[in-house]
Amino acid sequence: RRSRSLALVEARRSLEGDAMFVMFPGQGSQSVGMARPLLDLFPTTRMTFEEAGDACRANLLRLCLDAPADELELTANQQPCILTMSIALWRVLLAETELRAPTCMAGHSLGEYSALVASGHMDFADAARLVRARGQAMQDAVPLGLGAMAAVIGSTAAQVTAACKGISRPDCVVELADDNGPTQHIISGHKKAVDAACAFFAQQTIKTLPLSVSAPFHSSLMAPAKAVMDPLLRATCLEPRARNVSIIANVTGKLAAPYTVDLLIDQIDQRALAGHALHCCATGDCKDTRGRPRQGTDRACPTRNAPWT
């Protein structure tokens, strides 16, 4: 049987050879009772939830099994829950399938922590503590109900940026927060400004979709959260134990070699480039001519500025 929850981890094989690219999800991918199918099929995954819950001092198992939507949606809860679900699923895939070692990994915003844990660069308990603190810092930065995010489907990044600039005011901002693809983008900011942007796009017959999140991530409003997380992340040990697995950073759209905590710090209040990571790997750019992960300095995806501008 294939659990519906396994869709939380997306693995794509390159059309060129057998390189594996794994991308982990971010906030908004949660659902009420999301751990139940996994626990029904693989009861031993309970230990993963207990491990993370002990680390961040939260009953993650209860949150992932029984919490109502409004409680699960709180970013201080949502972030460690999604991280733990992702790692539980990854451990199942490793134990129950013949999954080959991935060539590179990435994560959608929060999912970058999952990628770091799965690749061996970050300790799972450290990641659980960090994302719990990250979620709390982000919620503290913008009181509940004052921030919002929405997907914009059917418009270019340039069009979205122009619309946001036209709507934003010093005390009420909306910004382009994420590029998911050439015509799918995420906006983030004050709820009034996000609502105004959605109304503008509706007039242009461009579809928008509110996201189930409790704060305006990847926007300038997250600057206070960045200040809180900076010392916590700089005190975290990153271990390059999986040197054959490259990490693509959200904030740069590049293969990061070596990977540094600055990439996690900067992504808090900067635009994420998840779509660029997918495009980069779909075209086989995660490996060199012999099929190995590219090594050396950060290398930009050659199509980074092409279809998204």
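Remember, it's a predicted structure, so these values are computed and weren't measured experimentally. These numbers come from the heavy atoms of this one structure, side chains and all, not from hydrogens, waters or symmetry mates.
Partners of H218 by side chain to side chain donor-acceptor pair (under 3.5 Å), not counting sequence neighbours, listed by chain and number: S109. For the salt bridge (Lys or Arg N to Asp or Glu O under 4.0 Å) test, no residue two or more places apart in sequence or in another chain qualifies with D40. With sequence neighbours left out, the side chain to side chain contact (heavy atoms under 4.5 Å, CB included) criterion links A125 to A55, D123, R129. Residues forming a side chain to side chain donor-acceptor pair (under 3.5 Å) with D230 (at least two apart in sequence, or on another chain): R234. P231 meets the side chain to side chain contact (heavy atoms under 4.5 Å, CB included) test with no other residue; sequence neighbours excluded. Considering only residues two or more places apart in sequence or on other chains, D66 meets the salt bridge (Lys or Arg N to Asp or Glu O under 4.0 Å) condition with R36. R46 pairs by the side chain to side chain contact (heavy atoms under 4.5 Å, CB included) definition with L39, E50, L61, not counting sequence neighbours. Under the side chain to side chain contact (heavy atoms under 4.5 Å, CB included) criterion, T260 pairs with D262, L263, sequence neighbours left out. The salt bridge (Lys or Arg N to Asp or Glu O under 4.0 Å) test applied to D269 returns K226, not counting sequence neighbours. In this structure K191 satisfies the salt bridge (Lys or Arg N to Asp or Glu O under 4.0 Å) test together with D195, sequence neighbours excluded.
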Using distance only, find each side-chain donor-acceptor pair of residues 132-155 under 3.5 Å and give its atom names and separation, not counting sequence neighbours.
from	atom 1	to	atom 2	distance (Å)
R132	NH1	A76	O	3.1
R132	NH1	N77	OD1	2.9
R134	NH1	Q79	OE1	2.7
R134	NH2	Q267	OE1	2.7
Q136	NE2	D140	OD1	3.0
Q139	OE1	S214	OG	2.5
Q139	NE2	V142	O	3.3
Q139	NE2	S214	O	3.0
S155	OG	Q159	OE1	2.9

Show me the side-chain donor-acceptor pairs of residues 166-174 shorter than 3.5 Å, one per line, residues at least two apart or across chains.
from	atom 1	to	atom 2	distance (Å)
S168	OG	C164	O	2.9
S168	OG	V174	N	2.9
S168	OG	V174	O	2.9
R169	NH1	G166	O	3.2
R169	NH1	I167	O	3.3

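One hydrophobic cluster, built from ILVMFWY side chains closer than 4.5 Å, holds both L238 and V251. When hydrophobic clusters are built by joining Ile, Leu, Val, Met, Phe, Trp and Tyr residues whose side-chain heavy atoms come closer than 4.5 Å, directly or via intermediates, I265 is grouped together with Y259. No chain of hydrophobic side-chain contacts below 4.5 Å, direct or via other Ile, Leu, Val, Met, Phe, Trp or Tyr residues, connects M122 to L60. Linking Ile, Leu, Val, Met, Phe, Trp and Tyr residues whenever their side-chain heavy atoms come within less than 4.5 Å places V131 and M229 in a single cluster. Linking Ile, Leu, Val, Met, Phe, Trp and Tyr residues whenever their side-chain heavy atoms come within less than 4.5 Å leaves V228 and I268 in two separate clusters.
Below 30°, between 30° and 60°, or above 60°: for W90 and F24 the angle between ring planes is above 60°, a perpendicular geometry.
The backbone N or O of S220 lies less than 3.5 Å from a partner atom in the side chain of E175, making a donor-acceptor pair. Side-chain atoms of N250 come within 3.5 Å of backbone atoms of G107 as a donor-acceptor pair (strictly under, hydrogens ignored). Using a distance-only test at 3.5 Å, with no hydrogens or angles considered, no donor-acceptor pair links the side chain of S114 to the main chain of L110. A donor-acceptor contact shorter than 3.5 Å is absent between the side chain of T97 and the backbone of L94. Using modelled atom types, no side-chain atom of T84 and backbone atom of A52 make a donor-acceptor pair closer than 3.5 Å. Checked by atom type and distance alone, the side chain of H185 pairs as donor or acceptor with a backbone atom of P182 at under 3.5 Å. Although no hydrogens or angles enter the test, the distance criterion places a donor-acceptor pair under 3.5 Å between the side chain of Q78 and the main chain of G28.
With 3.5 Å as the limit, one finds a donor-acceptor pair spanning the side chains of R91 and T48.
To the nearest 0.5 Å, the span separating CE on M105 from OG on S119 amounts to 6.0 Å. In this structure, CD1 on I186 lies 13.0 Å from OG on S219, to the nearest 0.5 angstrom. A distance of 6.0 Å separates CG of L255 from SG of C104, quoted to the nearest 0.5 Å.
Between R271 and D178 there is no salt bridge, since none of the side-chain N atoms of the basic residue sits less than 4.0 Å from a carboxylate O of the acidic one.
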Residue pair L273, T252: steps toward the side chain to side chain contact (heavy atoms under 4.5 Å, CB included) verdict:
CA-CA 7 Å; L273 301 172; T252 63; 5.7 Å; no
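What you find for M34 and P37 is that their closest heavy atoms are O-CD, 3.6 Å.
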